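Shown next, in structure tokens, is the structure this report addresses.
Side chains are part of it too, since the values below use all heavy atoms of this structure and drop only hydrogens, waters and symmetry mates. Every chain is numbered from 1 and lettered A, B, ... according to where its sequence line falls, protein lines coming before strand lines. As the structure is a computational prediction, the values presented were derived from the model and not from experiment.
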Amino acid sequence: MNQEIDKNSEIEAIRHSTAHVMAEAVSSIFPDAKLGIGPAIENGFYYDFDLPRPLTPDDLPAITTKMKEIIKANKPFIQKNISREQALDLFHDQPYKLELINDIPDETLSIYSHGNFVDLCRGPHLPSTGKIKAFKLTTIAGAYWKGCEHNSMLQRIYGLAFPSRLELEEYVKKVEEAAKRDHRKLGKDLDLYSIYDEAGPGLVCWHPDGAVIRRTIEDFWKREHDMRRYSIIYTPHIAKLNMWKTSGHWDFYRDYLYSPMVIDEEEYLLKPMNCLYHILIYNSRKRSYRELPLRFAELGTVYRYEPSGTLHGMSRVRGFTQDDSHIFCRYSQLEKETVQVLDLAMYMINTFGFEKYQVKLSTRPEKFAGSDEMWQNATDTLKKALEIKNIAYEVDPGEGVFYGPKIDIKFEDAMNRAWQGPTIQVDFNLPQRFNVTYTGEDGQEHPVAMIHRTVLGSMERFMACITEHYGGSFPVWLAPVQVQVIPVADRHLDYAKKIEADLRKELLRAIVDTSSSTVNHKIRGAQMKKVPCMLILGDKEIAAGTVSVRWRSGEQDNNITIDKLLKILLDTVSQQTS
RNA sequence: GCCCACAUAGCUCAGUAGGUAGAGCACGUUCUUGGUAAGAACGGGGUCAUCAGUUCGAAUCUGAUUGUGGGCUCCA
């Protein structure tokens, strides 16, 4: 354990030291460079600079060369403690460093130098620059000073740094592997979806094969919700602006809303959320405590304005369909409902093969709706629910939304990248604004407890996620084409079509390759489309009345009967396995 | 939205001293009827993102716009 900590801090020192070396290299090329900060990060480091001209990728080789010289010179890193005045004097022409110094309360400040280069720094560092064994500058990017969009934009250079060349190469390979799984690339290769310049950025069109996957997920989702006594509803895409003024969305989320449209002299808004319609349905008549909890669920399509720079394939878009639900219950039922939502959430993400996840409980922020007591009770209830489900979680203090505490679940995909998954939010605000109540045993109206929750997030983002998670090799139950039927020659077409029909009768997605190419070529085509099951049918199979199977993995099951194949496939589909 | 880069055929990409576009794959036709990851020939297909400008002449140079990518910020 201690060794692990030592190793981590050593790697951190390597990365941080490399950042200093890069800062010296950049300073020597641009004597007027103003330095921002340069920390170690996962896999490497970055350093922010204010430079007289924009950097281009062509600048990186020169910086790299300079860095190699500095490393070769093997300059020792020397730490010194200096007084505040000395520091202010030392960095008098480095405005960003001065700002940092002024942010530090201590009277004694730590600096590190190697050769003539000095930086304000807590350390630790390597003994000398020569200890840096493997680094690679990767990208240049803009970054706001202190990460605040109102500050000036600095130029950031990102780099990788590892203890050895081998580890660096391994990491580079891993990044290449991730690029192969990028849902934008696979989305094109597998013909799953597209976004059109003509139509607008962030607006996704689902192609037939992508739509099959989505529909399969939706069917699964609906079945699960039916079983768990949710009521699935449908609501319109626009509603009067006034409704969003009442809810507070118009004030709080204006930046994310599209401009209102005028219909019959009345302003309407494209809906950014489904909750208000769900409240309308709840409020359509008086509700008794006897019918609670009411769980309204909808695959609801919403539209939000997202800044152009944040759009990303299918995972960050402007129109998307949430797997949304609003649960209306009594406060005494909150715990049980939360437990049930957690149960559903865990079941769904496990079904898609996600095993690792992190759970966060976000508590009251500075600005909030409701009372202290409501927050305290609801937060405790969420905690209790997590404990009942035996789910490890971290508390994220002050990170709750203004209207209530929430649970966020992030899960890791096959490449160990985290995706935002299920969220469960308690809402104190909307029930109050829309007077959402129920009649209790006492005949009095009581405020309802309202939970917003999604499990998959949005169909678009979830599709991006599973595409990358499976690397495009979707498990049989999700695969757009489950079986590619490959006749060896034209005379085997009739048999191939009969087999296709047998599979279709069982709702298996089978397609005959009727092209006149060779068997090899047909197999290659199916392999590239990542079709899980290929049937090769020729004279032998017709004579025996069987099929020969080539699985996507390359494994073979020759000469099996159609009944046996059906059983294998239908079992795989119903078990939702690969 | 901000910083930087990029934008050529459906896809992946060539095309630098500015002289009206090319490959592979895919697609179509024909030949081939093949046994587990590319059979062959021929063919169709591009106002080189859009709009201006410089020039006798622009895919190529300049500017603007749109879109995309990597970041920042943000987020389902």
Side-chain angles (χ1 to χ4, degrees), chain A residues 46 48 50-51 53-59 138-158 179 182 184-185 188-189 191 194-202 253 255-256 272-274 300-324 408 419-423 425 452-462 464-465 484 486-493 515-529 534-541 548-552 554-556 558:
Chain A
Y46 68 78
D48 288 342
D50 196 345
L51 301 173
R53 68 162 174 87
L55 290 170
T56 75
D58 299 335
D59 290 313
T138 51
T139 50
I140 54 170
Y144 297 107
W145 169 239
K146 289 183 175 173
C148 175
E149 62 177 320
H150 303 295
N151 288 340
S152 54
M153 177 70 72
L154 305 180
Q155 301 195 64
R156 176 173 296 177
I157 304 177
Y158 281 95
D182 191 313
R184 293 165 302 178
K185 177 179 158 47
K188 218 179 261 179
D189 291 350
D191 200 11
S194 58
I195 294 169
Y196 298 91
D197 295 1
E198 302 94 299
Y253 298 113
D255 290 347
Y256 298 96
M273 291 176 174
N274 304 301
T301 304
V302 297
Y303 293 88
R304 297 183 191 168
Y305 172 78
E306 301 289 347
S308 58
T310 64
L311 301 175
H312 184 87
M314 263 190 154
S315 66
R316 190 76 190 277
V317 294
R318 284 180 173 166
F320 54 95
T321 300
Q322 292 179 300
D323 69 309
D324 210 357
D408 284 312
W419 294 78
Q420 178 61 55
T423 81
Q425 310 183 339
H452 303 252
R453 51 111 282 199
T454 80
V455 174
L456 305 177
S458 73
M459 300 314 292
E460 286 74 9
R461 175 176 286 183
F462 193 69
C465 175
Q484 187 92 8
I486 299 175
V488 172
D490 286 356
R491 64 177 179 280
H492 310 122
L493 256 176
S515 72
S516 69
S517 25
T518 59
V519 172
N520 278 344
H521 199 255
K522 291 173 190 173
I523 286 173
R524 180 165 193 269
Q527 245 356 115
M528 298 220 299
K529 285 286 180 192
M534 286 155 264
L535 302 183
I536 289 87
L537 307 180
D539 293 333
K540 282 182 269 179
E541 287 75 14
S548 290
V549 184
R550 176 196 165 103
W551 300 101
R552 176 168 56 189
E555 284 170 80
Q556 297 272 142
N558 285 342

Could you tell me whether the phosphate oxygens of [N], OP1 or OP2, come under 4.0 Å of any side-chain nitrogen or oxygen in [X]?
X        : N     : value
A:Arg184 : B:G70 : yes
A:Arg304 : B:C74 : no
A:Arg491 : B:G34 : yes
A:His312 : B:G70 : yes
A:Thr56  : B:A5  : no

Within the 4.0 Å heavy-atom criterion, would you say [X] contacts the bases, only the backbone, or no part of the nucleic acid?
X        : result
A:Ser516 : base
A:Gln484 : nothing
A:Thr310 : base
A:Arg316 : base
A:Asn558 : base

Inset, instruction - Between A:Asp189 and A:Pro487, name the one whose nearest nucleotide on RNA chain B is closer to the 5' end. - result: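 That would be A:Asp189.
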Inset, instruction - Hey, which sits more toward the 5' end of RNA chain B by its nearest nucleotide, A:Tyr305 or A:Gln322? - result: A:Tyr305
If you measure from the [atom1] atom in [N] to the same atom in [M], how many Å do you get, rounded?
N     : M     : atom1 : result
B:G28 : B:G45 : C1'   : 10 Å
B:U54 : B:G63 : P     : 15 Å
B:A9  : B:A59 : C1'   : 14 Å
B:U33 : B:U20 : P     : 45 Å
B:C31 : B:A23 : C1'   : 24 Å

Inset, instruction - Decide yes or no, distance alone: a donor-acceptor N/O pair under 3.5 angstrom between the base of B:U36 and the side-chain of A:Asn520. - result: no
Inset, instruction - Check whether the side chain of A:Arg461 and the base of B:C75 form a donor-acceptor pair under 3.5 Å. - result: yes
Can you name the atoms? Protein N/O to nucleotides 24-26 of chain B N/O, anything below 3.5 Å, with the distance.
from: B:A26; atom 1: OP1; to: A:His521; atom 2: NE2; distance (Å): 3.2

Inset, instruction - Measure from the ring centre of A:Tyr158 to the centre of the six-membered ring in the base of B:G71, then say whether that distance is under 5.5 Å and the planes meet at under 30°. - result: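 It does not: the two rings, one from A:Tyr158 and one from B:G71, miss the stacking criterion.
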Legend entry - Set of residues satisfying side chain to side chain donor-acceptor pair (under 3.5 Å) with respect to A:Arg318, sequence neighbours excluded: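 Partners of A:Arg318 under the side chain to side chain donor-acceptor pair (under 3.5 Å) test: none.
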Legend entry - Proximity to the side chain of A:Glu306 - top-ranked nucleotide from B:U36, B:G69, B:A76: B:A76
Legend entry - Per-nucleotide pairing state of RNA chain B [Watson-Crick or G-U, under 3.5 Å; [ ] pseudoknot-crossing; | other strand]: (((((((..((((.....[..)))).(((((.......))))).....(((((..]....))))))))))))....
Inset, instruction - Taking atom NZ of A:Lys146 as the centre, report whether more than 12 heavy atoms of other residues, nucleotides or ligands fall under 6.0 Å from it. - result: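 Yes, NZ of A:Lys146 has more than 12 neighbouring heavy atoms, counting only those of other groups under 6.0 Å.
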